[in-house]
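Right, one structure below, let's go through it.
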Amino acid sequence: MRREVFRMERVTCIEQGITQLEDFNLQIYEGEVMGLLLINAYGLQTFLNLLEVSQPLYDGYIYYGKKMINSWRSFGKCYNRISIVRTQSSLAEGLTVADNVFVMRRGFKQRIIRPALLQKQLEPYFKEIGMELSADMYVERLSAFERIVVEILRAVILGHRLIVLHEVGTIVSGTELEKLHEIIRYYAAQGISFIYISLHYEEIFQIGDRSALFAHGRIQKVTGRAEMERDAVRFYRGEYDRMVRGRLETLGPTPANRKTVVSIRNVSCDGLEGLTFEIREGECLTIQSLSEGVFQRLVGILEEEVYLTGGRILVDGRAASPRRSRSIAVLKEQSTSTMLFPELNNMDNLCLGLSRRVAHVWLGRSIRASVRQEYGEVFGEDFFSLYPDQLSERQKCRLVYTRILLQRPRAVFCIQPFKGADLPHRMFIWKMLKMLLDRKIAVVILAVNLADSLSLAERLLRINASGVAEEIDRSAFGSLPATAPWKYLYQEDGGERRRFRPGTDGPPPEKNRPRP
């Protein structure tokens, strides 16, 4: 008989007069990996807060182990022995791995800290999961994957029987995700339970024993592995699936004579050598970095925070700077919070893109009046006098993408545009990106995890730590790893893969060619 580890029974939680969770039921067993598939994120933060700290309930009960830890009748505001691993690190910088695992925990009472002893105690934990990681390494030097593993180890050493992983697949590569799943299975076999929260059923299908569909502050349905894929498509993304299929049916074969608008030629910097590829007019190219370090360097090149030791970026055959050229736009990660200026009204924020190609936009009232007239039906007349903080998330998103549209670049580089967005917002972002593609603007998506980018991509360029790129045509997307979202839409055979070292004119000689 399976032993219950955690249960939420008929939980209703109201915050500031708004119902966040309603009649919420969830049961986790010992050694189980429960996938939590987000249809939308409404109520998710309240759910995570209840796991961490007991808070007042309007109705229902919460059990952990054999003990009731919260109920509508009474509660004690105390921390629960449940760990939550998020995309944002909870480790203290300036301290070593051993310090974070042992010294920073509650109840640590030693007055004299012996680093060598702490490191020796931690080493067996690394060995049993096959991790080569130094206990005296400072946490700021850890990769995202290593940091997630350290947080899991900390929870295991603290004796927590339930660990929650919140969208960790968005910040690690496919190879690292497979290793992470192996670690999760190892500890699940030891009796530790997991709640694995993800936006993609493909990811949950690889690791989950069961799956719960989360929407509107409720668990809509709990399914086993046999029903998981069928119900995910049925309840989760039926409309989204139709949108993507519709685009694929109208896309047709890629024109062979499509014009090249941006050329990356032999670009080199510290840790990246001879990166070369081309971007064609109106195409969607996804660049997947198989290394977090390479991803950060690519972002640094676009934001001109990384010094280039060689190579050039060309737009229509002319040298260009990503930050200074009107022909290149960069959509930053979490763009609604990183690309809008709260001190400027929405009209001024919108005209920032127009100012890249119209010199007197700030002085000419007629130009701004034209913008108001053209986009008044899209945004509404009151929109232009408001400020970004007064907008919904969807309105902010539309403002950012419309600003790029007004700039009319030849190509826009999007840094993980789908990261952290729930299903309705991801669908809206998809529509905004398609709007740019329909205007013949090339869209380049930079990602660590493929996420939704395959739903738009016509080519995929994969770059690893050594700088070797693998170019995959759309017709060969079906051969991607099983965790890749949307791969089921593509044929399992056909298409070609090309492996080459960027900076060369073609594939390497036969004797030096990497094995597929």
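Remark: the Thr336 side chain and the Glu393 side chain contain an N/O donor-acceptor pair separated by less than 3.5 Å. Of the N and O atoms on the side chains of Tyr240 and Asp452, at least one donor lies less than 3.5 Å from an acceptor on the other residue. A side-chain donor-acceptor contact under 3.5 Å links Ser90 and Glu151. In summary, the side chains of Tyr196 and Glu203 do present a donor paired with an acceptor at a separation below 3.5 Å, with no hydrogens or angles considered.
What you find for Val261 and Arg280 is that their closest heavy atoms are CG2-C, 4.0 Å. Across all non-hydrogen atoms, the minimal contact from Ile429 to Ala421 is CD1-CB, 4.2 Å.
Proximity of Ser289 to Leu446: side-chain heavy atoms (C-beta onward) are nowhere separated by under 4.5 Å. The shortest distance between side-chain heavy atoms of Gln416 and Val448 falls below 4.5 Å. You'll find the side chain of Tyr125 reaches within 4.5 Å of the side chain of Ile157, heavy atoms only. Between Cys284 and Ile445, the closest side-chain pair of non-hydrogen atoms falls below 4.5 Å. You'll find the side chain of Leu450 reaches within 4.5 Å of the side chain of Leu460, heavy atoms only. Ser211 places none of its side-chain heavy atoms less than 4.5 Å from the side chain of Val222. For the pair Asp422/Pro424, a side-chain contact is recorded, criterion being any heavy-atom separation below 4.5 Å from C-beta on. For the pair Ser198/Leu36, no side-chain contact is recorded, criterion being any heavy-atom separation below 4.5 Å from C-beta on.
The 12-atom threshold is not exceeded at CG of Asp270, counting heavy atoms of other residues, nucleotides or ligands nearer than 6.0 Å. Arg185 CZ: more than 12 foreign heavy atoms inside a 6.0 Å radius. Within 6.0 Å of CD in Gln88 there are 12 or fewer heavy atoms belonging to other residues, nucleotides or ligands. The local environment of OH in Tyr138 is sparse, with at most 12 non-hydrogen atoms from other residues, nucleotides or ligands closer than 6.0 Å. For NZ of Lys332, the number of neighbouring non-hydrogen atoms (other residues, nucleotides, ligands) closer than 6.0 Å is 12 at most.
One finds the CG atom of Leu162 at 5.0 Å from the CD1 atom of Ile82 (value rounded to the nearest 0.5 Å). From Phe24, atom CZ reaches atom SG of Cys13 across 11.0 Å, with rounding to the nearest 0.5 Å. Summarising the geometry, atom OG1 belonging to Thr223 is positioned 6.0 Å from atom CG belonging to Leu213; distances are rounded to the nearest 0.5 Å. The distance from the CG atom of Leu165 to the CD1 atom of Ile195 is 9.5 Å, given to the nearest 0.5 Å.
Between Phe379 and Tyr375, the ring-plane angle classifies as tilted under the 30° and 60° cut-offs.
A donor-acceptor pair under 3.5 Å is formed between the side chain of Thr338 and the backbone N or O of Gln334. Under a 3.5 Å cut-off, the side chain of Ser193 and the backbone N or O of Ile28 do not form any donor-acceptor pair. A donor-acceptor pair is defined here as one N or O able to donate and one able to accept, closer than 3.5 Å; no such pair exists between the side chain of Asn449 and the backbone of Ser173. Remark: side-chain polar atoms of Arg81 are paired, donor with acceptor, to backbone N or O of Leu158 under 3.5 angstrom. Remark: the backbone N or O of Gln45 is paired with a side-chain donor or acceptor of Asn49 at under 3.5 angstrom. A side-chain donor-acceptor contact under 3.5 Å links Asn345 to the backbone of Met347. Proximity of a side-chain donor or acceptor of Ser325 to a complementary backbone N or O of Pro322 within less than 3.5 Å is not detected. Formation of a donor-acceptor pair under 3.5 Å by the Glu146 side chain with backbone atoms of Ser143 is found in this model. A donor-acceptor distance shorter than 3.5 angstrom exists from the side chain of Asn80 to the backbone of Leu50, with no hydrogens or angles considered.
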Original post:
Are Lys440 and Glu283 close enough, and set up right, to give a salt bridge (charged side-chain N to carboxylate O under 4.0 Å, His left out), and what steps lead you there?
Top reply: CA-CA 8 Å; Lys440 302 299 182 182; Glu283 78 162 338; over 6 Å; no

Show, in sequence, the C-alpha distance, side-chain angles and deciding distance for Glu52 and Arg86, and conclude whether the salt bridge (charged side-chain N to carboxylate O under 4.0 Å, His left out) test is met.
CA-CA 13 Å; Glu52 275 192 310; Arg86 297 179 169 89; 3.5 Å; yes

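Of the charged side-chain nitrogens involved, none lies within less than 4.0 Å of a carboxylate oxygen, so that Arg141 and Glu93 do not count as a salt-bridged pair. Using a cut-off of 4.0 Å between Lys/Arg side-chain N and Asp/Glu carboxylate O, Glu304 and Arg324 are scored as salt-bridged.
Every salt bridge (Lys or Arg N to Asp or Glu O under 4.0 Å) that Arg210 has, sequence neighbours left out, goes to Glu32. With sequence neighbours left out, Glu278 forms a salt bridge (Lys or Arg N to Asp or Glu O under 4.0 Å) with no residue at all.
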